Amino acid sequence: MIKPRTPAGTLELLPGEQRTFNHMLEVIRRNYERFGFQPIETPVFELSEVLLTKTGGETERQVYFVQSTGALEQGSAPELALRFDLTVPLARYVAEHEHQLAFPFRRYQIQRVYRGERAQKGRFREFYQCDIDVVGKDALSVRYDAEIPAVIHAVFSELAIGPFTISLNNRKILRGFFEAIGIGDGAHQAAVLREIDKIDKRGAEAVAQTLKGEGFGLAHAVIEQILGFVLMRSSSHASAQAMLADIAARYPQTAEGVAELATVLTMLKDLGVPEKNYALNFSIARGLDYYTGTVYETTLDDYPQIGSICSGGRYDNLASHYSKSKLPGVGISIGASRLFWQLREAGLIAPDPHSHMVLIGLMRDEDLPESLAMAAELRAAGIACEVQLEAKKLAKQFQYADKVGFSYMILFGESEQAKGVVSLKNLATGKQVEIARADLLRCLSQAKEWGL
């Protein structure tokens, strides 16, 4: 007999946890839609030549290829591969449907992606990503960059998992600063930026040691200047504005990035995002070969060890590999599976013990027609319910209800029928009442008003 076991790198949940996870996805989806983002889905696999526009590197080593049995027998090269993120499929989608889409194209996508990650705690090979992007045609105003943090604020406020901070930066500010202090070479600048982006994980001292070492060889004074700049953090909206004004005055090369970030800050205030929830952080670089302007990272204030729970930014040309059109955009991604696992490990979320469904018990087989009619009435009113289809001892029915996590149980036995009532029990509180059969639907629809 084969031992049943879950493949490594997957997140398989019991129903109570699945309800909690589904709630998280629904909150994300609802807030994406509130900001006018349109849903799309793309196939779980793409043509290999489309997905792997850049051959080699870590990405290709993590890709799962898809091949039919017939193709394997013929020794054919894999034609298909599972998507490893939602950005490449979006690029293909926009390029393919460009003439059918309205721009700016505002899309959200909540689907699974696949990566051949090394098996370790909290790293998944199959996981949900929840993305939004605004894609422009030829140009896209920086104003859209300000709307993204407002979406982040709405999502994590409703999830209610604790205080959080959206850290903001602009890659143009970093590039301008490095040019001003003499680090203008593209490859050298990119290498320094990669190290700066690790400050929150490795610490300033470790990054300083790397910048002194082979391949960098930066002078102590230059390293001190770099660390002094990238470790700046704003503490309020006013301090953020003052920091930008100071940077523009000292480093004119940063002017374009400063102007863009100033616009983002102004709009954030107009959008009603509380200043306690955002701050400037000049160490954030994000995806060095991809992002070109505004960048974001979101962290939980009380759990910094979790790291970024939502990140993204501005990019110049989404679909350069698939279209001659210039398609700039801005977006974010929430890795929902990893976030859920991290929050569960930190004790910030727990399984939902109640499914918010109703169980209609069955004492005698002859009562089944009435139970089924009762269920049809509840379902027609939008109340989810299940009927016990076999008469069992009452204790067993309550055990089943408790294990599944029903919110209410209805009993309509011989004594209740004689009185024209039903017994309704709140399985969370244990409170049980008798109500007129005719009042059942109204009572369940207004449970709080009825004291249940």
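Nothing here was measured: the structure is a model prediction, and the numbers come from that model. This chain uses plain numbering: 1 for the first residue, then up along the sequence.
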Practice problem: Show your working on side-chain contact (heavy atoms from CB on, under 4.5 Å) between L368 and D365 and close with a plain yes or no. | Solution: CA-CA 6 Å; L368 183 59; D365 284 337; 5.8 Å; no
Quiz item: Between the main-chain N or O of G331 and the side-chain N or O of Y144, is there a donor-acceptor pair closer than 3.5 Å?
Solution: no
Practice problem: Any pair with a residue in residues 409-423 that passes side chain to side chain donor-acceptor pair (under 3.5 Å), sequence neighbours left out, goes on the list, sorted by first then second residue, please. | Solution: D367-Q417, E416-S423, K419-E434
Self-check item: Donor-acceptor contact present, side-chain R442 to main-chain L440, <3.5 Å
Solution: no
Practice problem: Name all pairs fulfilling the side chain to side chain donor-acceptor pair (under 3.5 Å) condition that reach into residues 304-313, sequence neighbours left out, sorted by first residue then second. | Solution: R286-S311
Self-check item: All ring pair (Phe, Tyr, Trp, His ring centres under 6.0 Å) counterparts of Y296, not counting sequence neighbours
Solution: none
Quiz item: Rounded to the nearest 0.5 Å, how far apart are CD1 of I334 and OG1 of T298?
Solution: 8.0 Å
Quiz item: Should we say atom CZ of R118 is surrounded by more than 12 heavy atoms from elsewhere, each under 6.0 Å from it?
Solution: no
Exercise. With salt bridge (charged side-chain N to carboxylate O under 4.0 Å, His left out) as the test, would you mind laying out the steps for R115 and E126 before giving the verdict?
Key: CA-CA 7 Å; R115 292 182 194 171; E126 176 193 62; over 6 Å; no
Quiz item: What pairs with Y303 under side chain to side chain donor-acceptor pair (under 3.5 Å), at least two apart in sequence or on another chain?
Solution: none
Quiz item: After noting the C-alpha distance and the side-chain angles of V330 and T294, does the key distance pass the side-chain contact (heavy atoms from CB on, under 4.5 Å) rule?
Solution: CA-CA 8 Å; V330 61; T294 313; 5.6 Å; no
Quiz item: Does anything in residues 316-333 pair up under salt bridge (Lys or Arg N to Asp or Glu O under 4.0 Å), and if so which pairs, sequence neighbours excluded?
Solution: none
Exercise. List the steps, then state whether side-chain contact (heavy atoms from CB on, under 4.5 Å) holds for I360 with L378.
Key: CA-CA 11 Å; I360 300 174; L378 297 183; 4.3 Å; yes
Quiz item: Below 4.5 Å, heavy atoms only, C-beta onward: do M409 and L359 meet side chain to side chain?
Solution: yes
Practice problem: Would you tell me whether S167 and E297 have side-chain atoms, one donor and one acceptor, within less than 3.5 Å of each other? | Solution: no
Quiz item: So, Y315 and D133: side-chain donor and acceptor under 3.5 Å apart, yes or no?
Solution: yes
Quiz item: Can you list every side chain to side chain donor-acceptor pair (under 3.5 Å) pair that touches residues 385-397, not counting sequence neighbours?
Solution: E386-Y400
Exercise. For S407, check side chain to side chain donor-acceptor pair (under 3.5 Å) against everything at least two apart and list the hits.
Key: none
Quiz prompt | Qualifying residues under ring pair (Phe, Tyr, Trp, His ring centres under 6.0 Å), relative to F21, sequence neighbours excluded | solution = Y128, F340
Quiz item: What distance separates S337 OG from Q342 CD, expressed to the nearest 0.5 Å?
Solution: 11.0 Å
Quiz item: When you check the gap from the basic side-chain N to the acidic O, do E377 and R437 get nearer than 4.0 Å?
Solution: yes
Self-check item: All ring pair (Phe, Tyr, Trp, His ring centres under 6.0 Å) counterparts of H97, not counting sequence neighbours
Solution: Y93
Quiz item: Taking NZ, NE, NH1 and NH2 as the nitrogens, is one of them in R194 or D197 under 4.0 Å from a carboxylate oxygen of the other?
Solution: no
Quiz item: Does NZ or CZ of K425 lie under 6.0 Å from the centre of the six-membered ring of F398, at an angle within 45° of the ring axis?
Solution: yes
Practice problem: Starting from the C-alpha separation in whole Å, work towards a yes-or-no answer on side-chain contact (heavy atoms from CB on, under 4.5 Å) for N169 and L280. | Solution: CA-CA 6 Å; N169 195 8; L280 300 188; over 6 Å; no
Practice problem: Taking ring pair (Phe, Tyr, Trp, His ring centres under 6.0 Å) as the test, write out the residues that go with F178, two or more places apart. | Solution: none
Quiz item: If you measure from the Lys or Arg side-chain nitrogens to the Asp or Glu carboxylate oxygens, is any gap between R125 and E117 under 4.0 Å?
Solution: no
Self-check item: Distance, nearest 0.5 Å, that separates OG1 of T42 from CG of L86
Solution: 6.5 Å
Quiz item: When you look at R233 and D200, which way does the salt bridge (charged side-chain N to carboxylate O under 4.0 Å, His left out) test go after all the steps?
Solution: CA-CA 12 Å; R233 307 285 187 271; D200 288 341; 3.5 Å; yes
Quiz item: What pairs with E96 under side chain to side chain donor-acceptor pair (under 3.5 Å), at least two apart in sequence or on another chain?
Solution: R92
Quiz prompt | Within 6.0 Å of OH in Y64, more than 12 heavy atoms from elsewhere | solution = yes
Practice problem: Can you establish whether the number of heavy atoms outside E79 located under 6.0 Å from its atom CD is more than 12? | Solution: no
Quiz prompt | Where at least one partner belongs to residues 13-28, residue pairs that pass side chain to side chain donor-acceptor pair (under 3.5 Å), sequence neighbours excluded | solution = E17-R344, Q18-N22
Self-check item: Side chains of I309 and T299 in contact at under 4.5 Å (non-hydrogen atoms)
Solution: no
Quiz item: Do NZ/NE/NH1/NH2 and the carboxylate oxygens of E147 and R106 come within less than 4.0 Å?
Solution: yes
Quiz prompt | Non-hydrogen side-chain atoms of R338 and L11 separated by less than 4.5 Å | solution = no
Quiz prompt | Presence of salt bridge, E158 and R30, under 4.0 angstrom | solution = yes
Quiz item: What's the spacing between L211 CG and L227 CG if we round to 0.5 Å?
Solution: 7.0 Å
Exercise. Taking atom CD of E49 as the centre, report whether more than 12 heavy atoms of other residues, nucleotides or ligands fall under 6.0 Å from it.
Key: no
